[in-house]
Amino acid sequence: QLLRNNDQLEEADRLFESILLQLNAIDRPRSLESGVAETADLYQSYAMPHDVQILFVGHAQAAIEDDLRMVENRLGKLQCIENADLAFRTIDFSELDCVILDADQCSNIGVVLRSLRSMESNKSLCVICVSKFTPSLFGLSLDGSLFDGWILQPWDFSAIVSHVQFALGLN
């Protein structure tokens, strides 16, 4: 509440989400010990998630796992796959609403983005890139033809959620 009173709304939201994750982590083991096969997260985000199907392409390092969970809690269902080439061979992109690409981990991000945009089933697919570098260092422009959002790291789940919601026309 002190952060909110001092107009530090983003920091207050991050702290609140962190506390929710900690409460969920405490609640899960207790539910499993009591014989409940699968527990609902009692302390989910105050906003109900949308039914968005998301694919994260990149290595889900420990440092971003909490952020990925928060994206999933806010938006819908999240799958992770480490390799873009493997994703193209195994994933049906027509069933996805959004792809989040870790541009730093894709061997050729330009080719991956062009491939995503050229598939007929992907015309409405939201594509968000996350990177330590600007698109120009990858030889890409910010004209919006290959991606719907480019977010500079460090990870900011709220920025990803905002970009996806805007691109898909969600509230």
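Rounding to the nearest 0.5 angstrom, the gap separating the CG atom in Leu168 from the CG atom in Leu75 is 8.0 Å. In this structure, the separation between CD1 on Ile64 and CD on Gln153 is 7.5 Å, given to the nearest 0.5 Å. Here the CZ-CZ distance, from Arg69 to Phe157, works out to 13.0 Å after rounding to the nearest 0.5 Å. Interatomic distance, Leu68 CG to Gln79 CD, rounded to the nearest 0.5 Å: 13.0 Å.
With a 4.5 Å cut-off on side-chain heavy atoms, Ile160 and His163 do not count as touching.
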Stepwise side chain to side chain contact (heavy atoms under 4.5 Å, CB included) test for Arg89 and Leu86: CA-CA 5 Å; Arg89 290 192 308 262; Leu86 181 61; 3.8 Å; yes
Phe88 vs Leu116, side chain to side chain contact (heavy atoms under 4.5 Å, CB included): CA-CA, chis, key distance, verdict: CA-CA 9 Å; Phe88 281 112; Leu116 281 172; 3.9 Å; yes
Candidate pair Leu55 and Val57, rule side chain to side chain contact (heavy atoms under 4.5 Å, CB included), full reasoning: CA-CA 6 Å; Leu55 175 67; Val57 180; 3.8 Å; yes
Side-chain atoms of residues 95-102: list all donor-acceptor pairs with protein atoms under 3.5 Å, sequence neighbours left out, distances to 0.1 Å.
| residue | atom | partner | partner atom | Å |
| --- | --- | --- | --- | --- |
| Asp97 | OD2 | Gln53 | N | 2.8 |
| Asp102 | OD1 | Asp104 | N | 3.2 |
| Asp102 | OD2 | Gln105 | NE2 | 3.1 |

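You'll find the ring centres of Trp150 and Phe138 inside the 6.0 Å limit.
The salt bridge (Lys or Arg N to Asp or Glu O under 4.0 Å) test applied to Glu82 returns no partner, not counting sequence neighbours. The side chain to side chain donor-acceptor pair (under 3.5 Å) check on Ser136 picks up Thr134, with sequence neighbours excluded.
No continuous path of hydrophobic side-chain contacts links Val52 to Phe166 [ILVMFWY only; heavy atoms under 4.5 Å].
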